[in-house]
Asks: 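Mind looking over this structure? Questions follow.
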Amino acid sequence: MADTARTVPLRSPLSQAADRLAAATRSSGGAIRLAELPFLAQLNVRLDAKGAAAAAVGLALDLQLPLQPNTVVRAGELTALWLGPDEWLLVGPPGSERDLESRIREATGDEHVSVTDVSAQRTTLLVAGPRAHDLLAHGCSLDLHPRVFGPGRCAQTTLGRTQVVLVARDEPGAGFWVLVRSTFAGYLADWLLDAATEYL
């Protein structure tokens, strides 16, 4: 029997906003940079931070899970975000979710661990540039000053009345990741573009 299934190209939640985000970036003269980072692998991992599973995951991924609240650990293309005392979000390159999940499950064996692929649940917005802090401060109640929320920090918060995970990236000039549920991504992009008009 012939395979009649059609291959439908993936469409990111913000594919229709890409041109507007790029136009705002150009119009700002370098003050801000807005872009979607689509299809990043995202795995929610829950386990006992003091148990054998945490050490096994660290060895399997060559990345120790952060134990300090609201911090980020990065190794190569993999980033681990602390979400709670027994919860982390692993973010990796597009298409790596199955490999990451397999490595975690194999490494932890019979240990109590929960690994859930949440890649389709959220998309990621990049907000960077010299005015990124100011732009985000328009709709976020966190103190985003680099002394308080500097590189390597993350938080579950609201931005423009939308629940997000906010990550201060640790590469020079990398700005912020804003991880937002796919169903709210269009609204948040519109909010950011409206707030960005001050810098255009």
Side-chain angles (χ1 to χ4, degrees), residues 12-15 17-43 61-66 68-83 88-96 100 119 122-160 162-182 184-186 188-200:
S12 72
L14 292 175
S15 59
D19 291 342
R20 293 187 299 136
L21 295 170
T25 298
R26 286 190 302 274
S27 298
S28 77
I32 57 166
R33 180 174 169 226
L34 299 173
E36 182 187 20
L37 305 175
F39 310 122
L40 292 179
Q42 298 181 44
L43 295 178
L61 302 179
D62 198 24
L63 170 92
Q64 293 304 311
L65 297 174
Q68 184 178 350
N70 298 319
T71 58
V72 176
V73 171
R74 187 170 63 92
E77 294 184 296
L78 188 59
T79 303
L81 315 176
W82 184 97
L83 297 183
W88 294 265
L89 183 67
L90 296 178
V91 182
S96 64
L100 292 171
S119 304
R122 297 186 189 98
T123 192
T124 305
L125 278 156
L126 172 69
V127 181
R131 303 304 297 269
H133 286 92
D134 300 326
L135 174 60
L136 293 173
H138 278 292
C140 183
S141 62
L142 294 179
D143 182 352
L144 298 177
H145 191 281
R147 282 190 316 254
V148 178
F149 198 80
R153 304 291 296 178
C154 67
Q156 297 179 81
T157 186
T158 57
L159 177 62
T162 303
Q163 291 183 339
V164 300
V165 178
L166 186 62
V167 181
R169 301 289 290 150
D170 60 358
E171 304 97 324
F176 298 87
W177 276 354
V178 181
L179 287 76
V180 60
R181 289 186 185 273
S182 298
F184 289 95
L188 187 60
D190 288 343
W191 183 90
L192 284 167
L193 288 165
D194 183 62
T197 56
E198 179 178 340
Y199 312 111
L200 306 183

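Owing to the predicted nature of the structure, the values given are computational and were not obtained by experimental measurement.
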Asks: Taking Thr158 for the side chain and Thr162 for the main chain, is one N or O donor matched with an acceptor at less than 3.5 Å?
Replies: no
Asks: Does Arg122 CZ have over 12 foreign heavy atoms under 6.0 Å away?
Replies: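 Check passes, neighbour count above 12.
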Asks: Rounded to the nearest 0.5 Å, what separation is found between the CG atom of Leu166 and the CG atom of Leu144?
Replies: 6.0 Å
Asks: Does CZ in Arg181 sit with more than 12 non-hydrogen atoms of other residues, nucleotides or ligands closer than 6.0 Å?
Replies: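 For Arg181, atom CZ is not crowded (no more than 12 foreign heavy atoms under 6.0 Å).
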Asks: In the structure I gave you, are the side-chain heavy atoms of Gln42 and Leu90 within less than 4.5 Å of one another anywhere?
Replies: no
Asks: Can the ring centroids of Phe149 and His133 be said to lie less than 6.0 angstrom from one another?
Replies: no
Asks: Rounded to the nearest 0.5 Å, how far apart are CZ of Arg33 and CG of Leu135?
Replies: 14.0 Å
Asks: Using distance alone, with no hydrogens and no angle criterion, decide if Glu36 and Thr123 have a side-chain donor and acceptor under 3.5 Å apart.
Replies: yes
Asks: For side-chain contact (heavy atoms from CB on, under 4.5 Å), just list the numbers for Val178 and Leu126, CA-CA rounded to whole Å, side-chain angles, deciding distance to a tenth of an Å, and then say yes or no.
Replies: CA-CA 6 Å; Val178 181; Leu126 172 69; over 6 Å; no
Asks: Drop me the distance from Leu83's CG to Leu89's CG, to the nearest 0.5 angstrom.
Replies: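 Reported value, rounded in 0.5 Å steps: 5.5 Å.
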Asks: Can you tell me if Asp143 has over 12 outside heavy atoms packed within less than 6.0 Å of its CG?
Replies: yes
Asks: Is the CZ atom of Phe184 crowded by more than 12 outside heavy atoms at less than 6.0 Å?
Replies: no
Asks: Quick one: do Leu125 and Leu21 satisfy side-chain contact (heavy atoms from CB on, under 4.5 Å)? Show the steps, please.
Replies: CA-CA 10 Å; Leu125 278 156; Leu21 295 170; 4.1 Å; yes
Asks: Distance-only, no hydrogens or angles: does the Thr25 side chain make a donor-acceptor pair with backbone N or O of Leu34 under 3.5 Å?
Replies: yes
